[in-house]
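The structure appears right after this line, and notes come after that.
Lettering of chains follows the sequences in order, A, B, ..., and the numbering in each one begins at 1.
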Amino acid sequence: MTLYAALGAISQGLVYALMALGVYLTFRVLDFPDLTVDGSLPLGAAVAAVMITKGINPFVTLPVAFAAGMAAGFVTAFLSTNLKILNLLASILTMIALYSINIRIMGRPNIPFINEVTIFDYFPWITKLIVSIGIPGRYANIALSLVIFLIVVICIKFVLDFFLHTDLGLAMRATGDNESMIRAQGVNTHFTIMLGVALSNGLVALCGALVAQDQGLADVTMGVGTIVAGLASVIIGEALFGEMTVFRATLGVIVGSVIYRLAIAFALSLRIGDFVISPSDLKLITAMLVVFALMFPEIRSRIKIGVLKRWGDGK
Amino acid sequence: MIKIRNLRKTFNIDSVNENLAIDKVDLNIKKSDFITVIGSNGAGKSTLLNLIAGVYPPNSGKIVIDGLDVTPLKEHSRAKFIGRVFQDPMMGTAASMTIEENFSMAHSRGKMRGLKIGVNKKKRELFRSHLKLLGLGLEDRLKDKVGLLSGGQRQSLTLLMATLNEPKVLLLDEHTAALDPKTAQQVMEITKMIVTKYKLTTIMVTHNMTQALAIGNRLIMMHQGKIILDAKGADRDKLTVDALLNEFQKVRGSLTDKSLLSINTVTPKC
Ligand SMILES: Nc1ncnc2c1ncn2[C@@H]1O[C@H](COP(=O)(O)OP(=O)(O)O)[C@@H](O)[C@H]1O
Ligand SMILES: [Mg+2]
């Protein structure tokens with residue numbers, strides 16, 4: 001694996017960590033399996049591409065993409081809580097509907113906008129800084145993305161950590177842990193579910209908007225398999241960090257996402273005799289990885305309990 | 001304090017499984033009453049408590065708490081008046097969250113939940129002083145996950161959480177039934193202490209007749225969705241386990257042996 005590929009993988013890992021944090025919020029915090037993300041990622045990208053090609057400030061696209069993602073998540077949660085459609089099915093319905101909506105938004109299946117001004121054009125001083133510390137110029141662009149994604153994901157992580165410790169955040173966590181308990185404490189769990197799934201998809205769409213600006217392309221198919229990559233990141237993070245505290249769990253998700261992208265870059269660089277793994281094989285590999293991880297719930301629970309115990313004894 | 005009028009609940013209405021669980025129940029509960037409720041399995045005890053808590057709506061009748069008709073209110077909207085402890089020790093707390101976080105959620109019952117930090121220094125002191133009452137040493141384990149606690153500890157914690165905001169009514173549904181006898185007795189002691197301290201209006205379901213007679217100032221026996229015995233004052237004080245068994249005998253015609261078996265008369269005194 002070249003240095004260039006490694007830097008690219010880390011940068012990808014950081015930006016997709018936003019999506020993985022969203023997946024953590026639904027799958028782990030709310031215990032709500034949500035596949036909407038496969039549609040809300042390109043939704044964010046589509047919103048950003050359309051706005052940027054219309055000459056709107058690229059920074060403005062970010063909150064708008066976030067809001068669009070929230071709307072998508074809200075629809076899924078509404079179908080599940082109010083219309084009593086099974087949560088997994090509800091999310092598939094929204095995901096499928098988003099395919100049509102994303103094409104409507106863009107007016108076609110994809111928008112390349114490689115020559116437009118994106119948020120990355122606003123930080124020449126970071127590029128200068130990068131070059132001044134001796135990093136070769138050909139890495140400057142990728143290092144710039146990496147730095148910006150790192151800043152964004154760290155900020156989002158801390159905001160999310162804080163939120164999950166507020167009164168509202170505690171209620172949301174309890175909704176996923178023990179719904180009847182938190183209802184007995186006076187919380188409308190329909191509301192916490194809707195808010196949580198909406199925030200999750202907001203993060204995923206924000207991720208989509210950033211990825212699109214990084215690549216200069218929004219494509220309706222760019223979301224395929226997002227959920228599996230997100231789950232893989234969450235699971236890798238849990239294996240490494242356990243689920244002890246929210247702070248550690250979110251850190252684990254980010255590290256998990258980076259490791260996942262590095263592992264993929266590594267797999268792509270492999271050559272076994274005449275056999276070369278092609279990018280189109282990656283979905284299969286990721287799916288197998290997740291199945292493998294899910295096949296051993298007892299191992300996963302042992303990891304969790306082990307960590308719990310260690311922590312308890314340490315008191 | 002609590003008025004229950006003509007309450008009726010049928011499950012699976014209009015199906016072969018139609019099941020009349022609460023049949024025209026009327027009940028007046030005075031402030032600081034401590035009512036124990038006994039009755040065979042399936043008598044409707046839990047259903048009555050769930051109706052008061054608003055877990056599901058009644059088919060007819062109404063429930064008034066402290067002058068407010070709560071019948072149309074959803075479970076979460078009436079939670080601010082009601083403290084609850086369930087039979088299953090796992091049900092009343094969130095296992096993956098810490099003791100102080102669980103407490104904080106109970107502390108927010110009936111208040112707006114916003115973006116203020118859930119546990120701060122001031123609240124932590126408050127939680128600590130409450131936990132000291134239990135005498136279980138939990139005040140030094142505020143940052144432990146509740147999942148690490150034993151069933152008895154969790155049940156005691158749930159009890160404390162249920163009474164933190166001094167609810168208008170405390171509903172206990174066989175909250176010691178899943179515990180071993182010694183722990184059950186401890187939790188009963190804690191229950192007595194807390195209820196006396198705050199003079200809480202309490203309804204406690206129990207399988208245990210001795211327990212039902214040892215605590216409270218009023219006793220209700222339910223059978224097939226109806227209240228078949230309601231003893232208070234001097235009548236209540238005269239009641240004995242034998243007298244209660246006699247009452248069960250009277251309705252025995254419609255009781256199966258199996259449901260009689262579930263009525264436990266031997267227990268340690270408490
Ligand atoms: N959620 C429910 N759905 C259908 N039937 C129920 C439900 N809850 C209770 N029942 C039925 O109502 C009757 C009363 O149950 P319950 O109130 O739980 O009795 P207990 O006095 O043992 O607590 C029983 O026949 C039970 O099967
Ligand atoms: Mg019951």
Side-chain angles (χ1 to χ4, degrees), chain A residues 24 27-31 81-82 158-196 199 238 242-249 301 304-315, chain B residues 50 53-55 73-86 88-98 100-120 123 137 140-149 154 158 161-162 164-165 167 171:
Chain A
Y24 163 76
F27 272 74
R28 282 296 182 258
V29 174
L30 278 176
D31 198 17
T81 55
N82 286 52
F158 280 108
V159 171
L160 188 61
D161 287 348
F162 175 79
F163 171 72
L164 289 174
H165 286 96
T166 61
D167 288 324
L168 192 55
L170 292 181
M172 192 177 285
R173 285 160 63 198
T175 303
D177 183 304
N178 187 342
E179 197 173 340
S180 62
M181 170 264 179
I182 194 64
R183 239 188 281 125
Q185 301 299 345
V187 170
N188 180 352
T189 51
H190 284 187
F191 173 72
T192 46
I193 291 172
M194 283 191 233
L195 181 66
L199 285 176
E238 277 170 9
E243 286 184 281
M244 263 328 299
T245 58
V246 169
F247 183 88
R248 282 181 62 159
S301 67
K304 280 183 219 164
I305 290 166
V307 175
L308 277 176
K309 280 220 179 97
R310 234 177 298 144
W311 194 74
D313 294 344
K315 290 281 341 174
Chain B
N50 286 337
V55 176
L73 296 184
K74 288 236 171 74
E75 182 181 1
H76 62 85
S77 320
R78 26 177 135 166
K80 60 170 167 281
F81 314 124
I82 297 169
R84 257 195 298 169
V85 185
F86 314 92
D88 181 354
M90 307 299 142
M91 277 231 345
T93 42
S96 69
M97 300 172 71
T98 63
E100 60 182 19
E101 285 171 340
N102 272 276
F103 239 103
S104 166
M105 293 188 282
H107 188 257
S108 307
R109 190 170 66 228
K111 301 180 191 130
M112 260 299 286
R113 284 168 211 257
L115 296 178
K116 281 216 205 81
I117 196 87
V119 184
N120 57 27
K123 283 192 202 171
D140 301 321
R141 300 178 62 186
L142 285 179
K143 289 189 192 303
D144 274 12
K145 298 216 169 179
V146 167
L148 295 170
L149 305 184
R154 277 181 83 161
T158 309
M161 284 165 54
L164 188 59
N165 290 355
L171 304 175

Non-hydrogen atoms of [X] and [Y] that approach each other most closely:
X: Ala171(A); Y: Arg113(B); result: CB-CD, 4.0 Å
X: Leu170(A); Y: Ser104(B); result: CD1-OG, 3.5 Å
X: Asn178(A); Y: Thr93(B); result: ND2-O, 2.9 Å
X: Glu75(B); Y: Ser180(A); result: OE2-O, 4.4 Å
X: Asn102(B); Y: Met181(A); result: OD1-CE, 3.5 Å

Is it the backbone or the side chain of Asp167(A) that comes under 4.5 Å from a heavy atom of chain B, or both, or neither? both
Rounded to the nearest 0.5 Å, what separation is found between the CE atom of Met112(B) and the CG atom of Leu168(A)? 8.0 Å
Residues, nucleotides or ligands: over 12 heavy atoms within 6.0 Å of Lys74(B) NZ: no
For chain A, the option from Leu115(B), Thr158(B), Val55(B), Asn165(B) that forms the most heavy-atom pairs under 4.5 Å: Leu115(B)
With chain A, which of Ser108(B), Gly114(B), Ala79(B), Ala95(B) has the greatest number of heavy-atom pairs at distances under 4.5 Å? Gly114(B)
If I measure from the heavy atoms of chain A, does [X] come under 4.5 Å with its side chain, its backbone, both, or neither?
X: Ala53(B); value: neither
X: Ser77(B); value: neither
X: Lys80(B); value: neither

Derivation and outcome, side-chain contact (heavy atoms from CB on, under 4.5 Å), residues Gln185(A) and Met161(B): CA-CA 9 Å; Gln185(A) 301 299 345; Met161(B) 284 165 54; 3.8 Å; yes
For chain B, which residues of residues 188-196 of chain A have at least one non-hydrogen atom nearer than 4.5 Å to it? Asn188(A)
Show your reasoning for whether side-chain contact (heavy atoms from CB on, under 4.5 Å) applies to Ser96(B) and Arg173(A). CA-CA 9 Å; Ser96(B) 69; Arg173(A) 285 160 63 198; over 6 Å; no
